[in-house]
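Contents: one structure, followed by commentary.
In the text below, chain A, chain B and the rest are named by the order of the sequence lines, each starting its count at 1.
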There are 2 protein chains.
Amino acid sequence: MEKLYEQSALRLLQAADEIRARLAGEFSAVHGISVNEFFVLLHLQRATKHRLPRVELAKRMHISASTITRMAAPMEKLGLIERHTDERDARLAFMVITDAGREKLSETRATFAKQAGYLFDDRWDEATLNQFSTVLHRLVSGSVSNLS
Amino acid sequence: MEKLYEQSALRLLQAADEIRARLAGEFSAVHGISVNEFFVLLHLQRATKHRLPRVELAKRMHISASTITRMAAPMEKLGLIERHTDERDARLAFMVITDAGREKLSETRATFAKQAGYLFDDRWDEATLNQFSTVLHRLVSGSVSNLS
DNA sequence: CCAATACGCTTGCATGTGCAAGCGTTATGC
DNA sequence: GCATAACGCTTGCACATGCAAGCGTATTGG
């Protein structure tokens, strides 16, 4: 007999894989960015002063610092983010979302919301969905990456 | 105002990232396999006759056929899976889980269940968790990859 | 039948990612 | 103060992965 939470964790991973695969296709085709780039913009937008040190962003996204370094370069070239230095600590290299980045994020979030709508819409009442969201929220709270 | 299903989808992706990162560490350290290799074994174990053509497995895991080809080689060397051919159709190369693969899967599932327990245990009643699992299940049903 | 198409699998190439080492900067302990 | 450690970031390397092309096999249409 499979434990209920084992089953839930399995389904959660599977559902995420599927959603991520769909989003990857849409984001690439429609907006020319990756799912991870979308999350970079979202984290920056929601951070205090709309900026984060690279290491902090890496922690929140569960990826390595070197990956952040390598994602930053093309995003800077596209003008989606900028690199700011800290006056007090020369080690820090803040990533800051630009106006162009905000615009791109806004467009991409519309696509995200549309896809999320396909997934959830008209299938559950608000109470059920609220509880679902709450469970998910507690799974990640305590983590550094509370985006929501 | 953020839509409820948009928020839910965001949290779902974040939760999955976090769980996957934790599992990757444990699986690698304790069992010497990757999360994807774990899923290969799980899909094979649950498939009819404990075997699947490579393309079918790729679809269920949302990864490309070439990735399956490249994951298969080391797993065969470790004796976790075997390659069987189809008598009727020489194009098919079934992947079959071996006894050693079953044993490895069993050990790894124990670790998986333990980690899932850390996530969920003692925080929600069975009804809530059941509903949570049901919502997740419907998100992926209709998909080819109904593992559960 | 046979040609054309579809299918399953593999391989070359390009890209994304983590780890470990290295560099420069800041903090700590004496 | 100064040596040592810790920290933030980048880079070299290895590895994982997707895409497109190629190969062999089966199916389809005439």
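Checked against side-chain hydrogen bond (donor to acceptor under 3.5 Å, both in side chains), D86(B) has no partners two or more places apart in sequence or in another chain. Residues forming a side-chain contact (heavy atoms from CB on, under 4.5 Å) with E82(A) (at least two apart in sequence, or on another chain): H84(A), T98(A). Qualifying side-chain contact (heavy atoms from CB on, under 4.5 Å) partners for E126(A), counting only residues two or more places apart in sequence or in other chains: N130(A), L4(B). For S64(B), the side-chain hydrogen bond (donor to acceptor under 3.5 Å, both in side chains) partners two or more places apart in sequence, or in a different chain, are S66(B), T67(B). The side-chain hydrogen bond (donor to acceptor under 3.5 Å, both in side chains) check on R91(A) picks up D89(A), with sequence neighbours excluded. T108(B) is linked by a side-chain contact (heavy atoms from CB on, under 4.5 Å) to F27(B), H31(B), I33(B), F38(B), K104(B), counting only residues two or more places apart in sequence or in another chain. Listed by chain and number, the residues in a side-chain hydrogen bond (donor to acceptor under 3.5 Å, both in side chains) with D125(B) are T128(B) (sequence neighbours excluded).
Using a 4.0 Å cut-off between charged nitrogen and carboxylate oxygen, E18(A) and R22(A) count as a salt-bridge pair.
When hydrophobic clusters are built by joining Ile, Leu, Val, Met, Phe, Trp and Tyr residues whose side-chain heavy atoms come closer than 4.5 Å, directly or via intermediates, F94(B) is not grouped with M61(B).
Atom C1' of nucleotide dT27(D) and atom CZ of R88(B) are separated by 16 Å, given to the nearest angstrom. Summarising the geometry, the separation between CD on E56(A) and P on dC9(D) is reported as 10 Å, rounded to the nearest angstrom. Spacing between atom CG of L57(A) and atom C1' of dT10(D) amounts to 16 Å, rounded to whole angstrom units.
Interatomic distance, L105(A) CG to R46(A) CZ, rounded to the nearest 0.5 Å: 8.5 Å. One distance of note links CD1 of I19(B) with CG of L139(A); it measures 6.0 Å at 0.5 Å rounding.
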Listing time: all N or O pairs from protein to nucleotides 15-22 of chain D that are below 3.5 Å?
{"from": "dT17(D)", "atom 1": "OP1", "to": "N36(B)", "atom 2": "ND2", "distance (Å)": "3.0"}
{"from": "dG18(D)", "atom 1": "OP2", "to": "S64(B)", "atom 2": "N", "distance (Å)": "3.0"}
{"from": "dG18(D)", "atom 1": "OP2", "to": "S64(B)", "atom 2": "OG", "distance (Å)": "2.7"}
{"from": "dG18(D)", "atom 1": "OP2", "to": "T67(B)", "atom 2": "OG1", "distance (Å)": "2.2"}
{"from": "dG18(D)", "atom 1": "O6", "to": "R70(B)", "atom 2": "NH1", "distance (Å)": "3.0"}
{"from": "dC19(D)", "atom 1": "N4", "to": "S66(B)", "atom 2": "OG", "distance (Å)": "2.9"}

For nucleotides 1-4 of chain C, which of its nitrogen or oxygen atoms have a protein nitrogen or oxygen under 3.5 Å away, and what is each distance?
none

Between N or O atoms, less than 3.5 Å apart, protein on one side and nucleotides 6-8 of chain C on the other: list the pairs.
{"from": "dC7(C)", "atom 1": "O2", "to": "R91(B)", "atom 2": "NH1", "distance (Å)": "3.1"}
{"from": "dG8(C)", "atom 1": "O3'", "to": "R91(B)", "atom 2": "O", "distance (Å)": "3.4"}

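Rounded to 10 degrees, the angle between the two end axes of the helix from dC1(C)-dG30(D) to dC30(C)-dG1(D) is 30°, with five pairs used at each end.
In this structure, a donor-acceptor pair under 3.5 Å is present between the side chains of Q7(B) and S133(A).
For the side-chain hydrogen bond (donor to acceptor under 3.5 Å, both in side chains) condition, no pair includes a residue of residues 69-79 of chain A, sequence neighbours left out.
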